[in-house]
2 protein chains.
Amino acid sequence: MLSLSEENHLKSIFHLSLNSDSGVSTNSIANNLNTKASSVTEMLKKLSEKSLIVYIKYHGAQLTELGRKTALKIIRKHRLWEVFLVEKLDFKWDEVHEIAEQLEHIQSEKLTNKLDKFLNFPTHDPHGDPIPNPAGFIKITPKLKLSDLGIGETGKFVGVKDSSSAFLKYLDKRKISLGCNIKVLHQEEFDQSLHIGLDDTNLTISVKSASNLYITKI
Amino acid sequence: MLSLSEENHLKSIFHLSLNSDSGVSTNSIANNLNTKASSVTEMLKKLSEKSLIVYIKYHGAQLTELGRKTALKIIRKHRLWEVFLVEKLDFKWDEVHEIAEQLEHIQSEKLTNKLDKFLNFPTHDPHGDPIPNPAGFIKITPKLKLSDLGIGETGKFVGVKDSSSAFLKYLDKRKISLGCNIKVLHQEEFDQSLHIGLDDTNLTISVKSASNLYITKI
DNA sequence: AAAATAATTTAGTCTTGCCTAAATTATTAT
DNA sequence: ATAATAATTTAGGCAAGACTAAATTATTTT
């Protein structure tokens, strides 16, 4: 049985290792968990003791197969609970993260699997992220971006890749807000910029922007 | 924000104070929480600091109004989650306690109230215990006993008051098991013993036994 | 390649919540 | 009413998980 802190470190390492194939640095974990590097170092030693990570001093951590499965089981719970909160309890999909952060630590495989069934075995959470199976297996597919849609298709805007304030202001000015539906109307040939339809307005955005917007197909 | 341990101590004091109108003893709490008296003493000081209990050295603890409300909010969550587990996830009502012990500590009033609504504002949990309202108000009614039923009425057996092994053996021998439906068929005049109908058999039990069986009406 | 800078680890401390053993206070029995 | 027993508290310790400051190792710059 892992402690809450151990679980959070594993999860953090999992998420951070998606954007880098070498070891995950102590600092990035500390930053991710709002804690200090020295605290992370201690935890890395502990997780290493438990064969959940490979930890080489000064060179960060990598999940072992066991660690990866363990992380994915927690992530499975997180995402299932998010689906529950949105689909059954009518939460907005941007309100559920904090609550799911708590629920993901509830220990009961039976509960998780019954919840899965109750939700009719969903494959993705409300942010479009895939839900691992009971054994902690997941097919990692790159998240769908607006630029991946074809002409005529519609997606719901569920997240941003680069969340720099410049980009967020850009979205704000254009009234592109989380949760809104975006239809791809047309693509310019010369610069691949997209003409898109929002609720009632149409506008044009660059490929660069479009590939910064995560969406789920509708 | 209370720690998990603080919440558990409050809950324990609440439950123990139902069976005694003076202060709840240190030892009974320690016993209830599978911990040691000395640990409880420390926690009582802390809860007292926070105005959740009135604690007089060597004379146990009593909940303040604030402490009582706080305990009842936790109990509300516990019982709502139990209803969820049984009604929505198809758990057996005797499997849910341990899981609800974890879920009751999830912090989000919004979640609790949305869950309440989703469950259609249940008034009792699967064991027949009443569910406090959002403000932590509860109408304490003595739990329904088999001896409270009238002739012709049926109840589902949901718990025992005195759980001495003698009594449990008595039940076992008579094949009276948790969850079974019991119909009151007739009452003897001279000793008030009850003729009851189980699934397919009939038998007679004393008033004493009948008032040891908690039930919910059907 | 050495110096400067950044990242990481180590050492030492703190808090929470638990423990055991000893001391103190309440209760019960004679 | 006092002695014996039981309950409770105090004192002192321990492990987990966090922190700061100092020491060490990596990386970057010149």
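Keep in mind that this is a model prediction, so the values were computed, not measured. What you see below is based on every heavy atom in this structure, not just the backbone, and it leaves out hydrogens, waters and symmetry mates.
- Contact annotation: A:S3 does not reach the phosphate of D:dA16 (side-chain N/O to OP1 or OP2, under 4.0 Å).
- When rounded to the nearest whole Å, the span between CD1 of B:I56 and C1' of C:dT24 equals 18 Å.
- Atoms CD1 (A:I29) and P (C:dT8) sit 9 Å apart, rounded to a whole Å.
- A cation-pi arrangement is found for A:K114 relative to B:F91, the charged atom lying closer than 6.0 Å to the ring centre and inside a 45° cone about the ring normal.
- The side chain of B:S5 places no N or O atom within less than 4.0 Å of a non-bridging phosphate oxygen (OP1 or OP2) of C:dT16.
- Here the C1' atom of nucleotide C:dT15 and the CG atom of B:L4 are 17 Å apart, to the nearest Å.
- Remark: C1' of C:dT16 and CD of B:E49 are 15 Å apart, rounded to the nearest angstrom.
- For A:H59 and A:M43, each mapped to the nucleotide of DNA chain D holding its nearest heavy atom, the one lying further toward the 5' end belongs to A:M43.
- Look at CD on A:E7: it is 15 Å from C1' on D:dA16, rounded to the nearest Å.
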Side chains of residues 77-85 of chain A: which donor-acceptor pairs under 3.5 Å do they make with residues two or more places apart or in other chains?
residue	atom	partner	partner atom	Å
A:K77	NZ	A:E104	O	3.1
A:K77	NZ	A:I106	O	2.9
A:H78	ND1	A:E104	OE1	2.7
A:H78	NE2	A:E82	OE2	2.9
A:H78	NE2	A:H97	ND1	3.4
A:R79	NH1	A:P130	O	2.6
A:W81	NE1	A:L103	O	3.4
A:E82	OE1	A:H127	ND1	3.0

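- Atom P of nucleotide C:dT16 and atom CG of B:L2 are separated by 13 Å, given to the nearest angstrom.
- Scored by the side-chain contact (heavy atoms from CB on, under 4.5 Å) test, A:L203 finds A:R174, A:I176, A:I196, A:I205 as partners (sequence neighbours excluded).
- Residue B:S12 forms a side chain to side chain contact (heavy atoms under 4.5 Å, CB included) with just one option from B:L10, B:L16, B:N8, and that option is B:L16.
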Within the sub-3.5 Å range, which N or O atoms of nucleotides 10-14 of chain C have a protein N or O partner, and how far apart are they?
residue	atom	partner	partner atom	Å
C:dT10	OP1	A:K57	NZ	2.4
C:dT10	OP2	A:K45	NZ	2.7

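- Rounded to whole angstrom, the span from the CG atom of B:L44 across to the P atom of C:dC18 amounts to 12 Å.
- The distance between atom CD of A:E6 and atom P of D:dA15, rounded to the nearest whole Å, is 16 Å.
- Taking the charged nitrogens against the carboxylate oxygens, A:E101 and A:K11 do have a contact shorter than 4.0 Å, which makes a salt bridge.
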Next on the checklist: For A:E95 and A:V86: C-alpha separation, side-chain torsions, deciding distance, then whether side-chain contact (heavy atoms from CB on, under 4.5 Å) applies.
Outcome noted: CA-CA 9 Å; A:E95 301 174 304; A:V86 168; over 6 Å; no
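- Close to C:dA6, at under 4.0 Å from its OP1 or OP2, lies no side-chain N or O of A:N27.
- OP1 or OP2 of D:dC19 lies within a sub-4.0 Å distance of a side-chain N or O belonging to A:T35.
- In this structure the side chain of A:L115 reaches within 4.5 angstrom of the side chain of A:L119, judged on heavy atoms.
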